[in-house]
Amino acid sequence: MKFDAHSTAIEGVFILKRQEIGDQRGSFSRLFCAEQLQAYGWNETVIQSNMSRNVGAGTLRGLHLQLPPHAEMKFVQAIAGRVWDVAVDLRKGSATFGQHVAAELSAENQMGLLIPKGCAHGFQVLSDSATLIYHHSASYQPEAESGVRFDDVALNIKWPLTPQNLSPRDQELPLLASFGDGVTL
Ligand SMILES: Cc1cn([C@H]2C[C@H](O)[C@@H](COP(=O)(O)OP(=O)(O)O[C@H]3O[C@H](C)C(=O)[C@H](O)[C@H]3O)O2)c(=O)[nH]c1=O
């Protein structure tokens, strides 16, 4: 079983399509493979895996990242429904600082987004509900949690639907300008 990888405009952000093998009983697919993902920069242990269950088209979570020394890589996949998944480059010295890439992730298209340290992640639900699985290379450290506002004009993210259901925290996240010239990793 192999992941079909596609690079993006942001270095280190990859779209990885998992393989699904079906038969008369249903199907089998691999959600993570350390050996294969090394080729796309994942050279650390999976420390935590999380599940995000979401209801309501338009629901938006993010854009979040953990700051050093707890910066983390994430591999995000949809196992039910459809989301518009976004990564924003906040790395100091990156040629794409402040830029973002987006991809539709769904149970059907089997796509996942590999997000390197120093990039913020967020998504918007496109279906009535959606469930995401995350693999993380670091543990959750609330004191290291940061993020950038989903509607910051400096990011110019064209969310497909009217954003809904944002948490109070997400509504108050800082703007890109507050990151100066970026996160030092
Ligand atoms: C992320 C996380 C959260 N929590 C607790 C903290 C809260 O009590 C509750 C919900 O947390 P939060 O509102 O931060 O969840 P999301 O807004 O979905 O955050 C996630 O959504 C964006 C899009 C991401 O990329 C991150 O994985 C993550 O930040 O779960 C934990 O106990 N462990 C965790 O790893």
Side-chain angles (χ1 to χ4, degrees), residues 8 10 12-16 31-32 37 40-42 44-91 96 98-107 111-152 155 157-176 178-179 182-183 185:
T8 68
I10 294 179
V13 178
F14 289 91
I15 297 170
L16 300 178
L31 294 180
F32 190 89
L37 268 65
Y40 310 111
W42 194 297
E44 300 181 35
T45 307
V46 174
I47 299 296
Q48 278 179 348
S49 293
N50 294 325
M51 178 166 73
S52 174
R53 292 182 62 201
N54 300 268
V55 293
T59 293
L60 196 154
R61 297 186 191 235
L63 297 142
H64 304 157
L65 78 165
Q66 286 197 163
L67 297 176
H70 303 289
E72 59 180 341
M73 295 189 72
K74 293 174 193 168
F75 184 39
V76 183
Q77 297 163 290
I79 58 167
R82 298 164 50 228
V83 299
W84 184 252
D85 208 55
V86 176
V88 177
D89 191 351
L90 296 175
R91 297 169 296 189
T96 52
Q99 296 180 33
H100 69 278
V101 293
E104 181 173 324
L105 310 182
S106 70
M111 300 288 195
L113 200 63
L114 180 58
I115 301 152
K117 295 176 181 179
C119 289
H121 170 253
F123 65 88
Q124 182 174 46
V125 178
L126 302 177
S127 43
D128 290 339
S129 62
T131 300
L132 299 188
I133 298 293
Y134 293 79
H135 291 83
H136 297 257
S137 69
S139 58
Y140 175 61
Q141 300 291 331
E143 73 281 2
E145 281 275 296
S146 181
V148 66
R149 263 264 291 289
F150 74 102
D151 59 353
D152 186 347
L155 300 179
I157 299 173
K158 305 292 188 202
W159 299 102
L161 304 175
T162 303
Q164 311 276 352
N165 276 345
L166 282 110
S167 67
R169 168 186 169 228
D170 287 353
Q171 294 179 51
E172 301 296 327
L173 285 170
L175 300 177
L176 178 67
S178 72
F179 284 85
V183 174
L185 293 174

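Start at 1 and go down the list; that is how both ligands and their atoms are numbered.
Contact annotation for atom 10 (C) of ligand 1: protein absent (non-hydrogen atoms, distance under 4.0 Å). Counting only heavy atoms, the protein gets under 4.0 Å from atom 24 (C) of ligand 1. Less than 4.0 angstrom separates atom 4 (N) of ligand 1 from at least one non-hydrogen atom of the protein. Shown here, atom 13 (O) of ligand 1 is out of close reach of the protein: none of its heavy atoms lies under 4.0 Å off.
In terms of modelled atom types and a separation under 3.5 Å, the side chain of Gln124 and the main chain of Gly58 share a donor-acceptor contact. Distance alone, capped at 3.5 Å, is enough to place a donor-acceptor pair between the Thr59 side chain and the Val55 backbone. Panel note: side chain Asp170, backbone Gly62; a donor-acceptor pair is recorded below 3.5 Å.
Taking distance alone, with nitrogen or oxygen atoms compared against 3.5 Å, Arg169 approaches ligand 1 more closely than that limit. No N or O atom of Ser52 sits closer than 3.5 Å to an N or O atom of ligand 1.
Looking at atom 26 (C) of ligand 1, its nearest protein heavy atom turns out to be Lys74 NZ, 3.6 Å. Considering only non-hydrogen protein atoms, atom 21 (O) of ligand 1 sits nearest to His64 ND1, 3.4 Å. The closest protein non-hydrogen atom to atom 18 (O) of ligand 1 is Arg61 NH1, 2.8 Å. Of all protein heavy atoms, the one closest to atom 6 (C) of ligand 1 is Tyr140 OH, 3.5 Å. The nearest protein atom to atom 27 (O) of ligand 1, hydrogens excluded, is given as Tyr134 CE2, 3.2 Å; this is a heavy-atom distance.
How far CG of Asp89 is from OG1 of Thr96: 3.5 Å, rounded to the nearest 0.5 Å. Rounding to the nearest 0.5 Å gives a distance of 11.0 Å between CG of Asn50 and CG of Leu132.
Under the 4.0 Å criterion applied to side-chain N and carboxylate O atoms, Arg169 and Glu145 are assigned as salt-bridge partners. Ionic pairing of Glu104 and Arg82 is present here: one or more N-O contacts between side-chain nitrogen and carboxylate oxygen are shorter than 4.0 angstrom.
With a 4.0 Å heavy-atom cut-off, ligand 1 is reached by the side chain of Asn50 but not by its N, CA, C or O.
Taking the centre of each ring, His136 and Phe75 stay at or above the 6.0 Å mark.
Under the 30°/60° scheme for interplanar angles, the aromatic rings of Trp42 and Phe32 are found to stand perpendicular. Using the six-membered ring where Trp is involved, Phe150 and Trp159 have ring planes that are tilted, between 30° and 60° apart.
Distances below 4.0 Å separate heavy atoms of His121 from the following atoms of ligand 1: 23 (C), 24 (C), 25 (O). Atoms of ligand 1 found under 4.0 Å from any heavy atom of Glu145 (numbered from 1 in listed order, with element): 29 (O). Listed by number with element, the atoms of ligand 1 under 4.0 Å from a non-hydrogen atom of His136 are 27 (O).
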